Structures are given as structure tokens and as C-alpha cells.
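For reference, the structure discussed in these notes is given below.
Chain identifiers are assigned alphabetically (A, B, ...) following the order of the sequence lines, protein sequences preceding nucleic acid strands; residue numbering begins at 1 within each chain. Computed from a predicted structure; not experimentally measured. Values below: every heavy atom of this structure, side chains too, minus hydrogens, waters and symmetry copies.
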Amino acid sequence: MINPYLIHLLIFVGIYIILVVSLNLALGYTGLLNLGHVAFFGIGAYTSALLVKAGVPFITAFFSSGIVAGIFGYLLVLATKKLKGDYLALTTLGFSYVVYSVLINWGSLTRGPLGLPGIPKPELFGYVITSGEAYLLFAGFIALLVVLFIFFIIQSPFGRLLEATRDDELGLRVLGKNTFALKCKAMMISAFFAGIAGSVYAHYITYIDPGSFMLGEIILMLTIVIVGGIASLKGSVVATFLIILIPELLRFFHLPSSVLGPVRQMLYALILISIVLFRPRGLFGRIDLA
Amino acid sequence: MNQKHRPYIVLFMLSLLFLAGCGKPTGNQPTGNVVVEKEKPVVKIGASLSLTGGSAFMGEGMRNAMELAIHNLGPTKYKYELVFEDDAMNPKMAADASQKLITIDHVDAILSLSSGTGNVVSQFTQPNKVIHFGVASDPTVAEGEYNFIHWTPPEEETRALISELERRNLHNVAFISFNQQGEKAIMNDFSHRVEGTEISVVSTKIFNNGEKDFKTYLLQIEEERPDVIVVLAFSPEIEIIMKQIKELDIDTPVTSIEAVEFSEQPELFEGVWYIQAADPTDTFLADYVSTYGKQPAPGTANAYDEVNMIVAGFERAGKNPLKKPSTAEVVAELHKIKDFPGALGPLTVPESGIVLSHAVVRMVKDGKFVTIKP
């Protein structure tokens with residue numbers, strides 16, 4: 001029997017696989033340097049939590065979380081239509097801050113900084129997923145579906161068009177392709193799955209607050225994408241295991257607290273620096289960071 | 001070795017290392033920093049605290065107090081061990097920490113710090129029948145029979161503030177507050193309690209994390225001619241607010257709930273009276289200062305009491321010294337606690353699980369925090 005602590009960590013691995021694989025679709029495969037992914041994660045978490053607390057069935061809330069996040073994804077692409085590279089990164093980061101500000105200040109809906117406690121566990125076809133094992137199956141199944149879905153996308157002609165958008169947008173437009181529509185679709189799919197990940201997260205941890213969807217999370221997601229390799233599904237999955245589980249090892253070393261925090265941060269930094277120095281394309285990446 | 005396979009081999013080795021770490025501790029293997037005695041059953045008290053990050057001073061204070069409480073225990077039926085985990089006051093990390101404490105360390109009780117992390121820890125302790133004491137202002141942390149709160153609740157602090165405002169004949173109140181859980185709870189309760197009284201809230205300004213210029217808020221507050229400005233903030237914002245009040249020549253008196261003692265520049269608050277969560281007793285203060293050479297942080301004395309109440313619960317519930325009682329039996333004993341001699345004065349655990357303690361009025365005199373109304 002698997003230890004419940006390991007089950008708990010594997011559930012988080014599943015949630016982050018959904019997040020990172022979907023981020024890689026926009027960032028790696030389409031070339032959209034999107035730092036607003038964490039906002040879609042938050043939008044999904046709050047949508048699902050608020051709907052279920054209002055009495056909406058979980059399955060409806062689950063898909064709504066993805067749809068609402070997807071709509072915001074479309075709006076973000078619309079607003080950043082003429083931006084790319086660093087400018088797009090800064091604007092999408094700004095979007096994350098806007099969403100954070102709305103979540104923290106719209107107290108009547110979100111309870112602001114108090115957060116939303118007591119989010120019910122998911123109920124599917126009359127069965128309430130309460131045990132860790134069942135939740136791991138649920139999160140793992142969703143993660144597997146998302147990975148397969150994105151795998152089929154990138155193998156399809158549409159996926160090749162996304163990669164062409166990343167590599168030579170102008171060339172693609174000369175060939176008569178609507179690159180804006182391609183970016184919209186990629187961002188909406190990416191945001192949809194980030195919203196779904198938010199729902200899985202909120203109903204597992206049962207408490208969310210705006211602080212859970214801020215800069216630290218997007219840095220974590222980007223670290224995983226870079227370590228795994230940009231535009232590599234396999235890399236994203238492997239790197240999620242590494243980045244989520246390695247810091248947990250520190251808990252078994254009984255380090256003094258004055259050392260623990262810096263060591264945790266240094267671990268991420270060391271992994272990133274090592275990747276940049278020795279494997280600039282990440283563990284399994286196909287394109288350079290530049 | 002084929003270079004292509006290297007990442008898989010590294011991943012495999014790390015997985016093995018991790019699984020080894022997750023293994024059940026065997027026999028008398030030391031856990032935390034205390035060695036297990038064979039004769040007595042061991043009661044493990046875990047803690048999910050902010051030992052890193054901006055709130056580490058509070059987590060460190062609680063950890064010190066827990067160790068002090070264990071050190072000061074007299075003869076007991078059972079052996080008490082402490083296990084600490086860092087959550088950096090982050091809900092996700094608190095979930096990791098509490099899962100590890102419950103399923104790897106098999107703790108009997110967990111202490112947490114803050115409403116955000118407390119709300120997460122309580123979701124894991126309740127189904128696992130692990131006792132949880134939170135230093136938190138949000139009452140939802142105490143939901144469920146295994147969850148408790150030991151922190152002077154916002155309603156007690158606002159009651160003390162209203163009483164002092166009435167005594168000083170100050171009726172028009174303005175708030176400038178950080179947008180945070182505890183502060184929000186205080187303002188909500190205050191607004192609710194002053195309904196129908198002579199006291200009214202004439203202005204409320206809420207700022208978010210990262211704001212540094214409060215002059216616009218302060219000038220807007222001044223236009224409403226309040227009798228007193230209540231500042232609810234942490235360091236460094238609270239110091240910045242006090243400096244900007246002086247720069248703007250605002251002479252309206254300032255007061256606060258708890259915030260003053262979060263400042264490392266008490267000279268900025270000279271002569272300011274304020275409300276503080278229950279006062280630590282002189283005995284605890286002397287003991288703590290002589291052991292650690294510094295003043296306790298907010299929550300420190302609470303952690304000391306929490307450990308002692310948990311120990312009292314186990315000792316009272318335990319009929320057989322060779323077998324520790326179930327946590328359900330301990331919870332029943334905890335609910336019987338009345339006028340328990342704590343570091344924060346006499347403590348009572350009501351049915352709600354929110355330990356009753358009283359707020360005090362304090363003042364900054366010669367750079368020191370002095371209680372003027374216990």
C-alpha cells in the first residue's frame with residue numbers, strides 16, 4: 001500500500017502536470033511567453049469552488065472552471081494581439097496581478113484575503129472522492145487525458161501550424177494562415193486546462209486564497225518547463241516529478257530552519273543553472289531557451 | 001552509459017531516494033530532535049510553522065515556546081516528542097507538511113500558525129483524528145471536533161477597543177488597514193458591534209501588499225475629522241504610515257490592534273495606546289527571556305499553552321501508563337479544561353473549540369510596551 005504522504009505528493013504532481021503541459025502548449029509549441037498561466041489556474045479554482053459552494057454539481061463546476069479560464073485566455077490574447085516576446089511576458093504578468101487584485105478585493109464574492117475554506121470534495125455520479133487513493137486516481141486520470149489530448153494536438157496539422165507560428169510567424173502569414181486565430185486557439189486550450197487544474201487543486205486542498213495564485217507559482221511552472229525542455233511533453237512530465245518531489249526530500253534531513261529556506265531556493269536555482277549550462281534545451285527539449 | 005537514458009536513470013535514483021525517505025521510521029529511530037524512551041508510550045506533537053520567509057520570527061517564537069514547554073514538563077505518564085515542519089505560511093506547503101506529519105511521523109497533535117494554513121491543516125487533521133491547535137483569527141479553523149484555536153479572537157479585541165474608545169470619549173473612528181484575513185475580521189466585527197452606539201466608522205481605507213505611499217489615504221481620512229485613526233498593518237507598512245502621519249502634521253490620535261508590537265521601531269509609537277491579544281504572564285516572560293535572550297513574538301505564549309493543554313489532555317485521559325489514550329478521549333478532556341494556568345492567564349476551552357483569553361490595553365512608554373489595563 002502506498003504511503004498517504006506519497007499519494008498526497010503524487011496528487012500535486014498530477015495537478016502540476018496538467019498545469020505545465022498546458023503552459024508548454026502556449027509557451028513551447030506556440031511561442032507565447034505567457035506569464036498569466038497562474039491567473040487561469042486561480043480563475044479555475046475560484047470558479048469551481050464558488051459554483052460547488054453555491055450548490056452546482058461538481059461535474060458542471062469542473063467544466064465551467066475550464067470554460068471560464070478559456071474565455072479569459074481568449075480575452076488576454078485579444079488584448080495582447082500586437083505584442084510578442086518580452087512585451088507579451090510583461091503584459092501577461094500584469095494580467096496575473098489584475099486577477100490577484102480582483103480576487104483579493106472582491107470580498108463579497110471571494111471573501112478577499114480570508115480565502116474560501118471548506119470547499120467540498122468532488123462528487124461524481126453519487127460517489128464522493130474523499131480518500132487520497134481515489135483522489136490520486138481522479139487527478140492522475142485527468143492528467144493522463146490532458147497529456148494525451150495535447151499530444152494528439154501537437155501531432156496534428158494544427159500542432160505543426162502552432163510550431164510554425166512560433167518559428168516564423170511572418171512566413172506563415174505570407175502563406176495565408178491566420179496566426180492570430182491559431183494563437184487564440186492555443187491560448188484558450190492552454191487556459192482551459194489551467195482552469196481544470198485549478199478545479200482539481202481547489203477540491204483537493206479544500207481551501208484557496210488569492211496568495212496561492214501569485215508570482216511564486218508561475219516561477220515554479222516556468223522552472224518545470226525549462227528543466228523539462230521547451231516544447232517537450234515528455235520533459236514537462238519528467239521535470240514535474242523532479243521539481244515537485246526533490247524539495248520534499250529536504251523534510252527528511254532535519255535541517256535547521258535558518259538553512260532550510262535558503263537551501264530550498266538554492267535547489268531550484270542550482271537545477272536551473274545546471275540546465276542552462278549543461279543542457280540548454282532542458283532534459284528533453286528540442287529548441288533553445290533563446 | 002547511453003546519454004539519452006541518463007535523465008531516466010537520474011530520475012529513477014531520485015525516486016528510490018524519495019521512497020526510502022517515505023519509509024516508516026523503525027523502532028526507536030529518533031524523529032525530530034528528541035530520543036524515544038522505550039518504557040513510555042510516545043505522544044508526538046507536530047507543528048506546521050512558518051520557519052522560513054517573512055513571518056519566520058513568529059514561527060521561530062512558537063518553536064522555541066514548544067521546546068520550552070516540553071523542557072518545563074514535570075513527571076508525566078507519557079513521553080512527549082516534538083516534530084517541526086516548515087510551511088512558510090503557504091497553504092500548499094502546509095498541506096505537504098501536515099500530510100507528512102500525519103502519515104510519516106504519525107503525530108497525535110499538530111500546531112499551526114495563521115488562518116490560511118490553519119484552514120488547510122484542519123482539513124487533514126479532522127478525518128485523521130489528529131488534534132489541531134491553530135493560532136488563527138478565522139473561526140472556521142476550529143470547525144470539527146479535533147480542531148481548536150488559541151488566539152484572542154477578533155471579537156474580544158474589538159470589544160476591548162470599543163470599551164476603551166468609550167472610556168476616552170472617542171466616537172468618530174477611521175480605519176487604515178492592510179487587506180488581510182485578521183484585519184478584515186477585526187473591521188467586520190467592529191462595524192457590527194458599534195451599530196446603535198455613539199461610535200461610528202467615518203472612514204475606511206484598505207491597502208494591498210506592496211503599497212508604500214499612504215499620504216492620499218491619510219489626507220482623505222483627515223477630511224472626515226475622525227477622533228482617532230486605527231492602524232491595522234504589519235512592518236514595514238506600519239512604520240511608514242506613522243512617519244507619513246508625522247510628515248503631514250496630522251495630530252489626530254492613533255491607535256491599533258496588535259499592530260504596534262509587530263514594529264521594530266517602537267519609538268515611532270511613543271505615547272500610543274493600543275489593544276493587544278492576551279498578555280503573557282510575568283513568569284512565562286521571565287522564563288522565555290532568560291532561555292532565549294529575547295522577547296516572545298506574537299503567538300509564542302499561545303504555542304506554550306497549546307503544548308501544555310495537549311499534555312494535560314493526554315495525562316488526564318490516560319488511564320494506563322503503558323498505553324496512550326485515543327485522541328477522541330483527549331479531545332473530551334480538552335473540552336473540560338477550565339481556568340487552566342496558561343502563559344496567557346487562566347484559559348478555558350468552550351464547546352466551540354476557541355480557547356477563551358482576554359485582550360488588554362497597552363501603551364508605548366519610553367520605547368517599551370506597558371500594559372495599562374489588564
*With respect to chain A, which residue among B:Glu143, B:Met93, B:Glu183 yields the maximal number of heavy-atom pairs within a distance under 4.5 Å?*
B:Met93

*asked:* Quick check on B:Lys294: does its NZ atom have over 12 non-hydrogen neighbours (other residues, nucleotides or ligands) under 6.0 Å away?
replied: no

_Flag side-chain contact, heavy atom, 4.5 Å: B:Asp96 against A:Glu248_ = yes

*B:Lys129 atom NZ, neighbour heavy-atom count above 12 within 6.0 Å*: no

*Among B:Ile102, B:Ile104, B:Thr103, find the residue that satisfies the side chain to side chain contact (heavy atoms under 4.5 Å, CB included) test when tested with A:Pro4.*
B:Thr103

*If you tally heavy-atom pairs under 4.5 Å against chain A, which of B:Gln123, B:Lys100, B:Lys184 wins?*
B:Lys100

*asked:* Only heavy atoms, only distances under 4.5 angstrom. Which residues in residues 100-110 of chain A are near chain B?
replied: A:Ile104, A:Asn105

*Starting at OH of A:Tyr207, measure out to CG of B:Asp138 and round the result to the nearest 0.5 Å.*
7.0 Å

*Most heavy-atom pairs under 4.5 angstrom with chain B, which of A:Thr130, A:Ile208, A:Ile7, A:Ile205?*
A:Ile205

*Are side-chain heavy atoms of A:Asp209 and B:Pro91 found at a separation under 4.5 Å?*
yes

*Which one of B:Ala94, B:Ala88, B:Ala97, B:Ser98 has the most heavy-atom pairs closer than 4.5 Å to chain A?*
B:Ala97

*In terms of heavy-atom proximity below 4.5 Å to chain A, should B:Asn179 be classed as side chain, backbone, both, or neither?*
both

